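First the proteins, then the strands, lettered A, B, ... as listed; each starts at 1. Treat the numbers as computed from the prediction; the structure is a model and nothing was measured. Note that these values count all heavy atoms, side chains included, but never hydrogens, waters or copies made by symmetry.
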There are 2 protein chains.
Amino acid sequence: MATRSQPRTEPRIPLSRERVLYAAVDLADKGGIESLTMRRLAEEVGAEAMSLYYHVANKQEVLDGIVDVIAQEINDVVDKIDAPATGADWKMAVRRRILAAREVLLRHPWAPGVLETRTKASLAIVRYLDGLIGLMRSGGFSYDVAHHALHALGSRALGFTQELFNPGAGSADEEANAMLASMADRLPHLVAMLSEIAHDDPDSTLGWCDDQREFEFGLDLILDGLDRMRETA
Amino acid sequence: MATRSQPRTEPRIPLSRERVLYAAVDLADKGGIESLTMRRLAEEVGAEAMSLYYHVANKQEVLDGIVDVIAQEINDVVDKIDAPATGADWKMAVRRRILAAREVLLRHPWAPGVLETRTKASLAIVRYLDGLIGLMRSGGFSYDVAHHALHALGSRALGFTQELFNPGAGSADEEANAMLASMADRLPHLVAMLSEIAHDDPDSTLGWCDDQREFEFGLDLILDGLDRMRETA
DNA sequence: ACCTGAACACCGTTCAAGT
DNA sequence: ACCTGAACACCGTTCAAGT
């Protein structure tokens, strides 16, 4: 429906590494990470698959790139949080940053999984970690303890926990429940436990069990333990 | 070179789901998880790729199967550990089981990554978790707290922690160090921290940072925190 | 019951060629 | 400098056919 003077469906803004990466994040947000293929990404961006290779070396670099985009988003949010008034507030300051990072990840649920597969450290993530170390330092920790602390937090430092399995939507859940019920004799403690508690709160979830309350429980357990070390040191 | 009476290169033991899964574990152990393809798996087992589909529904089922194999290996080891004498020993009992699980995973370094991608709970893993819950129960925890505890442990319950990135062997490491050094101004705390500490202990590692000492530090921080909750409850 | 050959739809990527 | 078409090597998987 374009006029003859504009021959084909508009040449569009030229490709660029940035445009490719943002389109990749969009694709993953909309269709999950498995929908992110070079061919589909090219389509999304109005080009042929092979054109992408002019702007990124290969798919690994795309994956590195989108992790970096998300990490930058985290830094943007986190940088707006004020520094703590006194060093003793380190715990609250770290806590707020981690929960802010989590909010970003909740908007990009594919990100933790991709992150795990990365072999190169994203610069933006390293920047984020540097901030956490800084907070702990001014809270009175030695570099040595701050280092241990990062390890103890693990992926929690970025706002997510690891799932041991991750039943998707609906059906698998019922199936699992049926299975569990049928073997109550072999799994006595687990069945008893699950019948006492209930996983509600289907929002605020980054997986099956990684909901907000549980995340904060584990986070606080670790932060409290670290704080106690700080006091006795 | 076979005699005419034995026409082709020996018919071999027939295929079976078990044989397929053990061959798959072998392949992953030897060549990493990315070397596990249906076609290569078939070759390993002396058959055509399509023959596998008679014994497993698809590749997802192979992946489910091999984590189950590893989880059984964990249970085999863990079941040999004696139960604690008194309930108060829950902490040491849980600790020993987790460290035993870790030893198994160190022999199958691809397993944590595959585990994370599974959507169905492996029965063997669920059995393992049931055991941990049982120990905590007899240690005096309510089911509610035991449940929180499992969440707080996360993947640590199975003996591994999540890496935020995972530089492989050698070169990438140096590259990362060079990068870090070149931006000491933008990452002051991190560079300072890394110059103070050193990651040695290249054995006992399940990734870059997940070495034995750090794993135990985080584990003990959590277990101690839980124990404190138990005492004040 | 168990295995296979040929074929399909889809990957990531190379390379020589177009503008 | 930027983009592309054709082609390659490799996936997982289906389906009809063999024994």
Side-chain angles (χ1 to χ4, degrees), chain A residues 5-25 27-28 30-67 110 113-114 117-120 168, chain B residues 4-28 30-67 110 113-114 117-120 168:
Chain A
S5 55
Q6 253 181 332
R8 59 204 69 223
T9 76
E10 314 183 29
R12 283 297 141 67
I13 15 175
L15 237 42
S16 73
R17 187 184 150 84
E18 266 220 326
R19 222 158 78 69
V20 168
L21 293 183
Y22 282 115
V25 168
L27 245 177
K30 282 190 298 200
I33 195 65
E34 70 279 7
S35 75
L36 175 58
T37 71
M38 295 303 269
R39 285 169 150 97
R40 258 195 282 225
L41 179 52
E43 200 180 347
E44 184 87 353
V45 91
E48 297 302 313
M50 309 76 207
S51 308
L52 301 176
Y53 288 86
Y54 193 83
H55 299 94
V56 295
N58 49 37
K59 187 172 183 183
Q60 293 305 312
E61 204 175 291
V62 173
L63 295 177
D64 286 341
I66 59 176
V67 165
W110 50 267
V114 178
T117 68
R118 293 307 78 203
T119 160
K120 276 199 245 201
Chain B
R4 272 283 170 62
S5 56
Q6 251 181 332
R8 59 205 66 222
T9 77
E10 315 184 30
R12 284 296 141 66
I13 14 171
L15 238 41
S16 72
R17 186 185 151 84
E18 265 219 328
R19 222 159 77 72
V20 168
L21 293 182
Y22 282 113
V25 168
D26 257 34
L27 246 176
K30 281 189 297 200
I33 195 64
E34 70 279 6
S35 75
L36 174 58
T37 70
M38 296 302 272
R39 283 168 150 98
R40 259 193 282 223
L41 179 52
E43 200 179 347
E44 184 86 354
V45 90
E48 298 301 313
M50 310 74 207
S51 308
L52 301 176
Y53 288 86
Y54 193 83
H55 298 95
V56 295
N58 48 39
K59 188 171 183 183
Q60 292 306 311
E61 204 176 291
V62 173
L63 295 176
D64 286 341
I66 59 177
V67 326
W110 49 269
V114 178
T117 68
R118 294 306 78 204
T119 160
K120 277 199 247 203

Can you give me the closest heavy-atom contact between [X] and [Y], atom names plus distance?
X        : Y        : value
B:Arg19  : B:Val45  : NH2-O, 3.4 Å
B:Ser35  : B:Gly32  : OG-O, 2.7 Å
B:Leu27  : B:Leu36  : CD1-CD1, 4.0 Å
B:Thr117 : B:Val114 : OG1-O, 2.7 Å
B:Leu15  : B:Ser51  : CD2-CB, 4.0 Å

Give the rounded distance in Å between these two atoms: [atom1] of [X] and [atom2] of [N].
X       : N      : atom1 : atom2 : value
A:Leu41 : D:dT4  : CG    : C1'   : 16 Å
B:Leu52 : D:dT14 : CG    : P     : 13 Å
B:His55 : C:dC3  : NE2   : P     : 4 Å
A:Glu34 : C:dG12 : CD    : P     : 13 Å
B:Arg19 : C:dC3  : CZ    : C1'   : 13 Å

Side chains of [X] and [Y] in contact at under 4.5 Å (non-hydrogen atoms):
X       : Y        : answer
B:Lys59 : B:Leu41  : no
A:Ile66 : A:Trp110 : yes
A:Met38 : A:Val62  : yes

In which stems does DNA chain C show up, taking only runs of three or more Watson-Crick or G-U wobble pairs whose two distances fall under 3.5 Å?
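Counting only runs of 3 or more consecutive pairs, the stems involving DNA chain C are C:4-8 with D:12-16, C:12-16 with D:4-8.
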Between D:dT13 and B:Tyr53, is there an OP1 or OP2 to side-chain N/O distance shorter than 4.0 Å?
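Yes.
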Would you mind telling me which residue lines up with the more 5' stretch of DNA chain D, A:Tyr54 or A:Glu48, judged by nearest nucleotide?
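Counting from the 5' end, the first nearest nucleotide belongs to A:Tyr54.
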Does A:Leu15 or B:Gln60 map to a spot on DNA chain D nearer the 5' end, using the closest nucleotide for each?
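Of the two residues, A:Leu15 wins.
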Review item, nucleotides 7-11 of chain D N/O atoms under 3.5 Å of protein N/O:
residue: D:dC11; atom: OP1; partner: B:Arg40; partner atom: NH2; Å: 3.4

Only counting residues at least two apart or in another chain, list the ones meeting salt bridge (Lys or Arg N to Asp or Glu O under 4.0 Å) with A:Arg17.
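Only A:Glu61 meet the salt bridge (Lys or Arg N to Asp or Glu O under 4.0 Å) criterion with A:Arg17.
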